[in-house]
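Every number for a ligand or one of its atoms is a count from 1 in the order of the listing.
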Amino acid sequence: MARLSLLTALSLLASLVSAQCGGTADATVDGSSGAYTATAGSTELYSGASYLAAIQAAIDGITTGQTVAVLADGSIGDATITIDSGKTFEGCGTIDVGYNAGHGAIEVLNAADVSIPTLTLTGAPYFGLRFYGVTGLSLGDITMNLSGGIGIRFDRDEAANVDVSMGTISVTGASSHAVETWNIDGLTIDSVVARDCGECGLLLQNTRNAQVGLVDGDNVGGTSGYATLRFANTNGLLADGSYDTNVYIDRVVSSGGGRGIFCVSESGGAEIGNINLSNNGNNAILIENCYNLAILAGTVTGGGEVRLAARAEFANNRDVSLSLEVNGNTVREEPCGENSNIVITGDAAVTIC
Ligand SMILES: *[C@@H]1O[C@H](CO)[C@@H](O)[C@H](O)[C@H]1NC(C)=O
Ligand SMILES: *[C@@H]1O[C@H](CO)[C@@H](O)[C@H](O)[C@H]1NC(C)=O
């Protein structure tokens, strides 16, 4: 250490600080219960009892291209934080949130190039994070330990979204979905890890050109028909009306809960590389009115029937291929789909067309 030059020591220190959460922030929220401050450089933006007001003052006090870091822990109550275009929001502390009906605890609406590289939420929100009309949204590592609500939600009836990326999204205890999308063109996700969530782990709807690493659900979907991974409502349908493959999922792991994988209501255009489904309480896999879905490899152990089915209101399944080892379960295609290609090994009883 004595041989280290002062300059080397300083640059080491600088890189340590910048690697820390909040290390490069232009504005920070600090303090603790009852006494919070928001500061940008030498300017005090807020000082008082409200954690919510301190956070919003910090966001409103920076300009596009700048970063806010919330260093303090606290509770925002039944309220909403809004982040506008071009801003980066780092949640370094733990933000406890409440229930604001129809709203997210944090919202980014009709905005471009917002980044949330790290965030930890607790509480029972209506939505943890709510989005619509976003382009170039980047979410990093997001942890939500919830006691209710939906983790992340992109709205159905509002402007569509373009170029969304997510790192690792870990959601525990949502009463509904961990992550629910609508209307995204261009989505990448490293992983969604859902534990003890009431409905879906990852629910993709009317979303196209998507690339997802891992979807991992344990006790997700409870006694419902929801699934660790669900495609619904024309997911994977391209603008030209085709279902050419455009949704890629590397791996799905699901244990217990409701369904494992569920493709429904005119969705498809998807390839799933590898799966490991065990002891799902409802269908391990249900494929219903789904077009061009391939599951390339993996295992299903126990759980409810692997089923290809159809509702009368939409065209039957077509271009479904499964290549799986299934044990302690059954596989059934009824009614017959068009151009199914189903190859099953293992001890499952198989009834296909
Ligand atoms: C969130 O839950 C995980 C797993 O139960 C736990 O390790 C972690 O400490 C929790 N974090 C917070 C902020 O509650
Ligand atoms: C699949 O998951 C089950 C249950 O978690 C685990 O016991 C098994 O080792 C996994 N199999 C593979 C091939 O990863």
Side-chain angles (χ1 to χ4, degrees), residues 141-146 151 166-180 188-204 210-231 245 247-264 270-287 290 293-308 320-333 341-350 352:
D141 294 334
I142 310 283
T143 301
M144 299 193 193
N145 283 6
L146 306 180
M166 304 188 197
T168 296
I169 311 296
S170 301
V171 180
T172 301
S175 52
S176 177
H177 314 301
V179 178
E180 177 182 12
T188 63
I189 303 178
D190 290 346
S191 49
V192 173
V193 179
R195 297 287 177 264
D196 305 320
C197 292
E199 298 190 321
C200 291
L202 177 61
L203 170 52
L204 297 179
Q211 189 96 43
V212 177
L214 171 68
V215 184
D216 179 344
D218 195 314
N219 187 30
V220 165
T223 55
S224 78
Y226 283 111
T228 288
L229 173 64
R230 182 177 191 254
F231 302 131
T245 308
V247 174
Y248 295 88
I249 313 280
D250 292 343
R251 183 163 165 79
V252 180
V253 176
S254 178
S255 182
R259 291 183 172 131
I261 297 170
F262 186 12
C263 179
V264 66
E271 181 181 291
I272 299 174
N274 196 286
I275 69 173
N276 181 2
L277 311 181
S278 44
N279 303 314
N280 294 120
N282 204 309
N283 300 90
I285 301 174
L286 179 58
I287 298 169
C290 177
L293 171 70
I295 304 180
L296 303 182
T299 57
V300 176
T301 307
E305 185 166 69
V306 174
R307 177 75 199 269
L308 287 80
V320 172
S321 43
L322 305 180
S323 179
L324 295 171
E325 178 178 343
V326 182
N327 292 299
N329 200 330
T330 56
V331 178
R332 187 156 56 107
E333 180 184 23
N341 181 7
I342 298 167
V343 178
I344 304 293
T345 61
D347 67 16
V350 177
I352 57 176

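When distances from atom 14 (O) of ligand 2 to the protein are checked, a heavy atom turns up under 4.0 Å.
Atoms of ligand 2 lying under 4.0 Å from any heavy atom of Arg251, numbered from 1 in the order shown and given with element: 14 (O).
Between Val192 and Val212 there is no side-chain heavy-atom pair separated by less than 4.5 Å. Side-chain contact check for Thr299 versus Asn327: every heavy-atom pair is 4.5 Å or farther apart. Taking the side chain as every heavy atom from C-beta outward, Glu305 and Asn329 approach each other to under 4.5 Å.
Only the side chain of Ser278 comes within 4.0 Å of ligand 2, counting heavy atoms alone; its backbone N, CA, C and O stay farther away.
Among all protein heavy atoms, the one lying closest to atom 10 (C) of ligand 2 is Asn276 ND2, 2.4 Å.
When Ile342, Ile295, Leu296 are each tested for a side-chain contact (heavy atoms from CB on, under 4.5 Å) with Leu324, only one passes: Ile295.
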